[in-house]
**Student:** 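Here it is, the structure, as structure tokens.
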Amino acid sequence: QVQLVESGGGLVQAGGSLRLSCAVSGRTLSNYWMGLFRHAPGKERDGVGSINWKSGSTVYTETVKGRFTISRDNAKDTVYLQMNSLNPEDTAVYYCAAVATIKGTIDLLRPGSYDYWGQGTQVTVSS
């Protein structure tokens, strides 16, 4: 089992920044992809990006490229999502998720590819 706990959400004005944290425990993290997702009201849960814990390789959805950055801290077993230049369309509940790399080639931005999920944290961007 992998346990994921998100934190860092809140209310921010358009153009502002937030950093979300996802504390991870339970397994050897070097064997996992860590995904970040968001779920806005009335919409499907969408992939924001993902990071390979061992290599640090990242992928992002087009709408956040250049604004959001995913990183991980090995010493703290924590994944971070730095979000800059936020706009109201970024308002959503943000989740982190994990999937073992042993699963091979998967769609890293598809929620169904992941096996473990955190409880989510709300991000609200005001205009």
Side-chain angles (χ1 to χ4, degrees):
Q1 288 286 347
V2 176
Q3 292 80 42
L4 308 168
V5 179
E6 300 98 333
S7 61
L11 174 64
V12 63
Q13 288 188 331
S17 298
L18 274 178
R19 189 178 77 161
L20 305 184
S21 300
C22 174
V24 189
S25 62
R27 289 289 177 89
T28 302
L29 300 178
S30 62
N31 299 324
Y32 283 82
W33 280 94
M34 305 300 300
L36 280 296
F37 294 83
R38 61 187 180 184
H39 194 176
K43 297 184 179 180
E44 294 184 351
R45 187 173 298 193
D46 286 332
V48 172
S50 190
I51 185 167
N52 182 293
W53 192 280
K54 184 176 183 178
S55 68
S57 297
T58 54
V59 294
Y60 297 94
T61 192
E62 283 297 323
T63 56
V64 307
K65 283 183 179 179
R67 299 191 298 127
F68 291 10
T69 303
I70 302 172
S71 61
R72 86 280 193 231
D73 185 325
N74 289 318
K76 296 182 178 180
D77 288 344
T78 300
V79 173
Y80 299 102
L81 177 64
Q82 177 66 44
M83 304 185 291
N84 299 326
S85 301
L86 286 161
N87 58 63
E89 289 70 38
D90 296 315
T91 295
V93 177
Y94 283 71
Y95 298 88
C96 62
V99 61
T101 57
I102 196 172
K103 286 200 168 184
T105 301
I106 58 174
D107 183 346
L108 293 169
L109 297 179
R110 186 177 72 91
S113 296
Y114 290 77
D115 296 318
Y116 304 98
W117 289 85
Q119 83 288 350
T121 186
Q122 176 70 47
V123 172
T124 302
V125 185
S126 63
S127 57

**Student:** Does the pair Tyr94 and Glu6 meet the rule for a side chain to side chain contact (heavy atoms under 4.5 Å, CB included), with working shown?
**Tutor:** CA-CA 8 Å; Tyr94 283 71; Glu6 300 98 333; over 6 Å; no
**Student:** For residues Trp117 and Pro111, report the shortest heavy-atom separation together with the two atoms involved.
**Tutor:**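 Result for this residue pair: CZ2-O, 3.3 Å.
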**Student:** Between Val99 and Tyr60, is there a shared hydrophobic cluster once you connect ILVMFWY residues whose side-chain heavy atoms come closer than 4.5 Å?
**Tutor:**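 No; tracing contacts between hydrophobic side chains, which count when under 4.5 Å, never links both residues.
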**Student:** Identify the residue among Thr124, Val125, Val48 that makes a side chain to side chain contact (heavy atoms under 4.5 Å, CB included) with Asp90.
**Tutor:**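 With Asp90 as partner, Thr124, Val125, Val48 yield a single side chain to side chain contact (heavy atoms under 4.5 Å, CB included), made by Val125.
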**Student:** In Å and rounded to the nearest 0.5 Å, what is the OG1 to CZ distance from Thr63 to Arg38?
**Tutor:**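 Going from OG1 on Thr63 over to CZ on Arg38, the span is 5.0 Å.
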**Student:** Nearest 0.5 Å, please: how far is CG in Leu86 from CZ in Phe68?
**Tutor:**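 Taking CZ in Phe68 and CG in Leu86, the distance rounds to 5.0 Å.
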**Student:** Quick one, Thr61 and Asp46 - any side-chain contact, counting heavy atoms below 4.5 Å?
**Tutor:**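 Sidechains of Asp46 and Thr61: no contact.
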**Student:** Spell out, yes or no, whether Leu81 and Val12 are grouped together once hydrophobic residues are joined by side-chain heavy atoms under 4.5 Å, including indirect joins.
**Tutor:**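 Yes, one cluster joins them.
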**Student:** Side chains of Ile51 and Tyr80, heavy atoms from C-beta outward: is any pair under 4.5 Å?
**Tutor:**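 Contact flag for Ile51/Tyr80 side chains = no.
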**Student:** Nearest 0.5 Å please: distance from the OG atom of Ser30 over to the CZ atom of Arg72.
**Tutor:**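 With rounding to 0.5 Å, OG (Ser30) is 10.0 Å from CZ (Arg72).
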**Student:** Would a hydrophobic clustering, with Ile, Leu, Val, Met, Phe, Trp and Tyr connected at side-chain separations under 4.5 Å, put Trp53 with Ile106?
**Tutor:**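 Shared cluster, no.
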**Student:** Looking at Gly9 and Val123, what are the two nearest heavy atoms and their distance?
**Tutor:**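 Looking at all heavy atoms of both residues, the closest pair is CA-CG2, 4.1 Å.
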**Student:** Starting from the C-alpha separation in whole Å, work towards a yes-or-no answer on side-chain hydrogen bond (donor to acceptor under 3.5 Å, both in side chains) for Asn84 and Ser17.
**Tutor:** CA-CA 4 Å; Asn84 299 326; Ser17 298; 2.9 Å; yes
**Student:** Out of curiosity, Thr78 OG1 to Leu4 CG, how far, rounded to the nearest 0.5 Å?
**Tutor:**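 One gets 10.5 Å once the value is rounded to the nearest 0.5 Å.
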**Student:** Supply the atom-to-atom distance Ile102 CD1 to Asn31 CG, rounded to the nearest 0.5 angstrom.
**Tutor:**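 Output value for this atom pair is 8.0 Å.
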**Student:** Take Gln122 and Thr91 through the test side chain to side chain contact (heavy atoms under 4.5 Å, CB included) and record every step on the way to the result.
**Tutor:** CA-CA 8 Å; Gln122 176 70 47; Thr91 295; 4.0 Å; yes
**Student:** Is Val93 reachable from Leu20 through a run of I, L, V, M, F, W or Y residues, each pair having side-chain heavy atoms under 4.5 Å apart?
**Tutor:**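 Shared cluster, no.
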**Student:** Do you know which of Tyr95, Phe37, Trp33 makes ring pair (Phe, Tyr, Trp, His ring centres under 6.0 Å) with Tyr114?
**Tutor:**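 Result: among Tyr95, Phe37, Trp33, Phe37 is the only option passing the ring pair (Phe, Tyr, Trp, His ring centres under 6.0 Å) with Tyr114.
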**Student:** I'd like to check Met83 versus Leu36 (side-chain heavy atoms, cut-off strictly below 4.5 Å). Are they in contact?
**Tutor:**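 A side-chain contact under 4.5 Å is absent here.
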**Student:** Run the side chain to side chain contact (heavy atoms under 4.5 Å, CB included) check on Ile70 and Met34 step by step: do they pass?
**Tutor:** CA-CA 9 Å; Ile70 302 172; Met34 305 300 300; over 6 Å; no
**Student:** To the nearest 0.5 Å, what is the distance between OG1 on Thr101 and NZ on Lys54?
**Tutor:**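 Rounded to the nearest 0.5 Å, the OG1-NZ separation comes to 8.0 Å.
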**Student:** Return the minimal non-hydrogen interatomic distance between Pro88 and Ser126, and the atom names on each side.
**Tutor:**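 Shortest heavy-atom separation between Pro88 and Ser126 comes out as CG-C, 4.4 Å.
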